[in-house]
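Scroll down for the structure; my scribbles are underneath it.
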2 protein chains.
Amino acid sequence: MTNIDEDRLRPTTEELPDDIYSEEGAIRADFLAMVGAAIADRDVLFLRQNVAKLHESELGDLLEAIQPDQRLALVKLLGADFDLTALTEVDETIRMEIVDQMPNEQIAAAIGDLDSDDAVYILEDLDKEDREEILAQLPFTERVRLSRALDYPESSAGRRMQTEFVAVPPFWTIGQTIDYMREEEDLPESFTQIFVIDPTFKLLGVIDLDRILRTKRQVKIETIMRETNYPIHADMDQEEAAQLFEQYDLLSAAVVDDNGRLVGVLTIDDIVDVMQEEAEEDIMRLGGVGDEELSDSIADTSRSRVPWLLVNLVTAFMAASVIGLFDATIEQIVALAVLMPIVAGMGGNAGSQTMTVTVRALATRDLDIHNSWRIIRREAGVGLLNGVLFGILIGAVAGLWFQDPNIGGIIAAAMLINMMAAALGGIMVPLLLDKFGADPAVASAVFVTTITDIIGFFSFLGLATWWFAIS
Amino acid sequence: MTNIDEDRLRPTTEELPDDIYSEEGAIRADFLAMVGAAIADRDVLFLRQNVAKLHESELGDLLEAIQPDQRLALVKLLGADFDLTALTEVDETIRMEIVDQMPNEQIAAAIGDLDSDDAVYILEDLDKEDREEILAQLPFTERVRLSRALDYPESSAGRRMQTEFVAVPPFWTIGQTIDYMREEEDLPESFTQIFVIDPTFKLLGVIDLDRILRTKRQVKIETIMRETNYPIHADMDQEEAAQLFEQYDLLSAAVVDDNGRLVGVLTIDDIVDVMQEEAEEDIMRLGGVGDEELSDSIADTSRSRVPWLLVNLVTAFMAASVIGLFDATIEQIVALAVLMPIVAGMGGNAGSQTMTVTVRALATRDLDIHNSWRIIRREAGVGLLNGVLFGILIGAVAGLWFQDPNIGGIIAAAMLINMMAAALGGIMVPLLLDKFGADPAVASAVFVTTITDIIGFFSFLGLATWWFAIS
């Protein structure tokens, strides 16, 4: 199909760079151009040799980097050589886009080769109809396993677990266990521990592989297995499971059902993704952004950001109406209008410092009932100290600027009041939201800035009105 | 020392709760009270039975939860039963406080039992003199290992690695390898892969334990080992190493020196800590907070927050001076003073949304040269769309409030301008900071709010001055 001259534009596999990434960590532009040209030329041979062999995460990065219209073309050209696991490494929007347009037969054919956790990850995004159709084409055991995992609630351990594991009875010896692993063809692709179960699949214990390798052949499994101190229930939220992994440095953990029967295993690589998502979520929420992704359209992005801007609009009008109370004073002394954003803004910054620390400490469970009073006292102390410091500083500068010691004194006092309000608001708002079961990362910022804006304007303009009225 | 009645206050070990944590994840108040009483009574027996047996991370949480003056007392009462690893689980401030006051002999005696990565973690915080004194008391090999790790730069893979590992020659069989592991006493506490080296310790390959267990005894190591595709140099920054772990789902990885010799192994549990620290850092920096910890004093906290507040003070005065340019206009139309914080504030919120997304995308390397133009165009589109939307909304409300369509039109136009400025500032500032090698998380917020404040005030007051001058 392609003529010889065109082929000369693309290097042979041997000439290709070892690493598809540039120094900055982006995919190399020359590699991207070659892949683009190969897709345009429908050069299946080149793609099979150079793209199909990439690691799933590299292939995922490549899918994100190429032009949107090339993505599906690449998947179709690769056909059975396309590693579906790569779809677990891309943005949800891109995954949906590709999976929606892939023939269900291609998905069904490829999904059987995946670890069950990856398969579930892809299947859970599909609509019910497509999902049923794909599941119907899978072998019976495969279908049962995946359906069972899909039955657990979203974001639960049961959804994230892998249903492939190695389990042996307690009366086996180490020798029997090793022989079994040497003979058995159908083992998970990789594993770091094996589980001990009774005939009803009830979980009895667990043994790390290094323990097996250190133990003599004739030793019985039950004598070296240890109890699983941290059994994870399939319904447990994935974030809670992640906390157990982090606290006890687990590499994998058994997942059990209501009857204590082993149904799967959670592994650290999935948990690392959960931890990253969780931190990501906190950052996004603190910045007033929802679940948006880089590949979202303008309309989707706008829609996801409008709600937070609307809430802020309401609070901005509230703050403005506080200013409106004092319009007569501002008319007489315009300097107040010039200076009032400084009082509100500095308070807002101080408040968001305290709030950030508090929200993080709550997320990592470093802040709890034992130390919250100590931290509230500390933040109040910091607010007082920084309030005095910045009150004096701003008071001096403002007094000199407008050649009026009254204005200097008024702004200094207002600054002190607002820094204290910022400190208390910054810690109390997230603590109270957390106490009432709300996510402090979502709503704290709005409440804290509303407090610092309103108290900032009210204290500054109110003090000024009162002072100039009596003097 | 304690009388019988006091003893009755403390339950026996059997009566103690199974879980030291309450539902909310904090340490149970009754357990805390018992420990506190036991420390006060110097009840070593109770502490040995109930505190020494805790998991290192539980002991760490306990140390953070008890009163500051009880911490050292607890460590001294436990003596040789105190698991030094717990210190790797607490705030740096608390770790320093305890380690500084522990006798060097107690540290030296305990540190030999630790994994080398934990030992280094504790030693690196000590001052040089104490460190030398402790190292001098260790056995030769231990000393050499720890010194070598401490010689690598801070935050490098060499600092975080564990120097204990299992390495075998390529010509051994699986059988020989298993026999070696069964006989050898001095193996690492836990491991998931073994390394293959030549006589000069040069790294040849790696084998996962599950691979060993599936392979027949007579098979040679060299036939089943795989090349390490991602060898980590000891000088590599830990964040870069973490990225490799995440991308390739590694559980552990060999660390090599300049000559390709195996010097240690990095494990996923350390890498998880690195990832958490990194996400934490981004959140804190975006919130204008430095490296502070929950256990810091008022003075330390205040000191760490003042620099960012100072920077904001300068920009706040810059924004105020923009308002000052238009004081004559404000004197005539006070409504402008009432409304101007809305324009600036909404721009600030929109800018921080875009900035948050950009900073995160840069940190996760999702944003790179291939898609930055597309994302800039998208953000500009979102700014335009939301600018029109909120311009109309705010214009209508403001026009009705002050019964003046002129004011409504002016604020609508200013809003549109500032939303566009927010979108472009929100994406360009972090991109440029990143391009010039600065950390976008640190300085973006200041620059973006400065832009939205100044453009917000200038466009609104400037437009008003011009409009009322010509009409």
Side-chain angles (χ1 to χ4, degrees), chain A residues 25-26 55 57 65 178 181-182 190-192 208-210 213-214 216 246-249 268-269 279 282-284 287-289 294 298 301-302 305 309 312 316 319-320 323-324 327 330-331 334 337-339 341-342 345-346 349 352-353 356-357 360-361 365-366 368-370 378 381-382 385-386, chain B residues 25-26 55 57 65 178 181-182 190-192 208-210 213-214 216 247 249 268-269 272 279 282-284 287-289 294 298 301-302 305 309 312 316 319-320 323-324 327 330-331 334 337-339 341-342 345-346 349-350 352-353 356-357 360-361 365-366 368-370 378 381-382 385-386:
Chain A
H55 185 273
S57 68
I178 295 182
M181 284 191 271
R182 285 191 183 138
S190 73
F191 54 98
T192 59
D208 293 323
L209 295 192
D210 60 326
L213 284 166
R214 291 175 214 215
K216 301 234 187 298
E246 205 199 343
Q247 172 142 29
Y248 299 111
D249 288 342
I268 182 78
D269 55 315
D282 272 0
I283 295 180
M284 295 303 230
V289 193
L294 224 49
I298 291 181
T301 312
S302 164
R305 294 192 197 164
L309 290 175
N312 273 282
I323 303 175
D327 54 354
I330 294 175
E331 211 163 354
V334 181
V338 175
L339 292 172
I342 297 180
M346 291 295 292
N349 289 324
S352 88
Q353 289 181 328
T356 304
V357 174
R360 263 328 271 175
R365 301 197 180 188
D366 284 338
D368 54 40
I369 45 162
H370 304 307
R378 184 190 75 163
V382 173
L385 193 59
N386 286 356
Chain B
H55 185 273
S57 68
I178 294 183
M181 283 191 270
R182 286 191 182 138
S190 73
F191 53 99
T192 59
D208 293 323
L209 295 193
D210 59 326
L213 283 167
R214 293 177 212 215
K216 302 232 184 298
Q247 172 141 30
D249 288 342
I268 182 76
D269 56 312
V272 164
D282 272 1
I283 295 179
M284 294 302 232
V289 193
L294 223 48
I298 291 181
T301 311
S302 163
R305 295 193 196 163
L309 290 175
N312 273 281
I323 304 173
D327 53 353
I330 295 175
E331 211 164 356
V334 181
V338 175
L339 292 172
I342 296 179
M346 289 296 291
N349 288 325
S352 88
Q353 288 182 327
T356 303
V357 175
R360 261 330 270 176
R365 301 198 179 187
D366 285 337
D368 54 41
I369 45 162
H370 305 306
R378 185 190 74 162
V382 173
L385 193 60
N386 286 354

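In what follows, chains are A, B, ... by sequence order, proteins preceding strands, each numbered from 1.
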Can you tell me how far the [atom1] atom of [X] sits from the [atom2] atom of [Y], to the nearest 0.5 Å?
X         : Y         : atom1 : atom2 : result
Asn312(A) : Asn349(B) : CG    : CG    : 3.5 Å
Ile283(B) : Ile283(A) : CD1   : CD1   : 4.5 Å
Met346(B) : Leu309(A) : CE    : CG    : 4.5 Å
Glu246(A) : Asp269(B) : CD    : CG    : 10.5 Å

Mind listing the closest non-hydrogen atom pair of [X] and [Y] along with its distance?
X         : Y         : value
Ile330(B) : Ala337(A) : CG2-CB, 4.1 Å
Gly287(A) : Thr356(B) : CA-OG1, 3.4 Å
Glu331(B) : Val334(A) : CG-CG2, 3.5 Å
Val382(A) : Arg305(B) : CG1-NH1, 4.1 Å
Pro341(B) : Ile323(A) : CG-CD1, 3.5 Å
Ile178(B) : Arg182(A) : CD1-NH2, 3.6 Å

**Q.** Contact winner vs chain A - Gly324(B), Ala350(B), Ala320(B), Ser352(B), heavy-atom pairs under 4.5 Å
**A.** Ala320(B)
Q) Which one of Ala279(B), Ala65(B), Gly288(B) has the most heavy-atom pairs closer than 4.5 Å to chain A? A) Gly288(B)
Chain B contact via [X] - which portion, at a heavy-atom distance below 4.5 Å:
X         : value
Ile268(A) : side chain
Ile298(A) : both
Arg360(A) : side chain

Q) side chain to side chain donor-acceptor pair (under 3.5 Å) between Ser302(A) and Asn386(B): does it pass, once the steps are laid out? A) CA-CA 7 Å; Ser302(A) 164; Asn386(B) 286 354; 2.6 Å; yes
Q: Check Asp210(B), Leu209(B), Asp208(B) against Ser190(A) for a side-chain contact (heavy atoms from CB on, under 4.5 Å) and give me the one that passes.
A: Asp210(B)
**Q.** Side chain proximity check, Thr301(A) to Val357(B), heavy atoms < 4.5 angstrom
**A.** no
Q | Most contacts with chain B, counted as non-hydrogen pairs under 4.5 angstrom, among Leu385(A), Leu294(A), Leu339(A) | A | Leu294(A)
Q: Would you mind telling me which of Ala361(A), Ala319(A), Gly345(A), Ala26(A) has the largest number of heavy-atom pairs within less than 4.5 Å of chain B?
A: Ala26(A)
Q: Please answer whether the main-chain N or O of Val289(A) pairs with a side-chain N or O of Gln353(B) as donor and acceptor at a distance below 3.5 Å.
A: no
Q. Do side-chain atoms of Thr192(B) reach the backbone of Thr192(A) as a donor and acceptor pair under 3.5 angstrom?
A. no
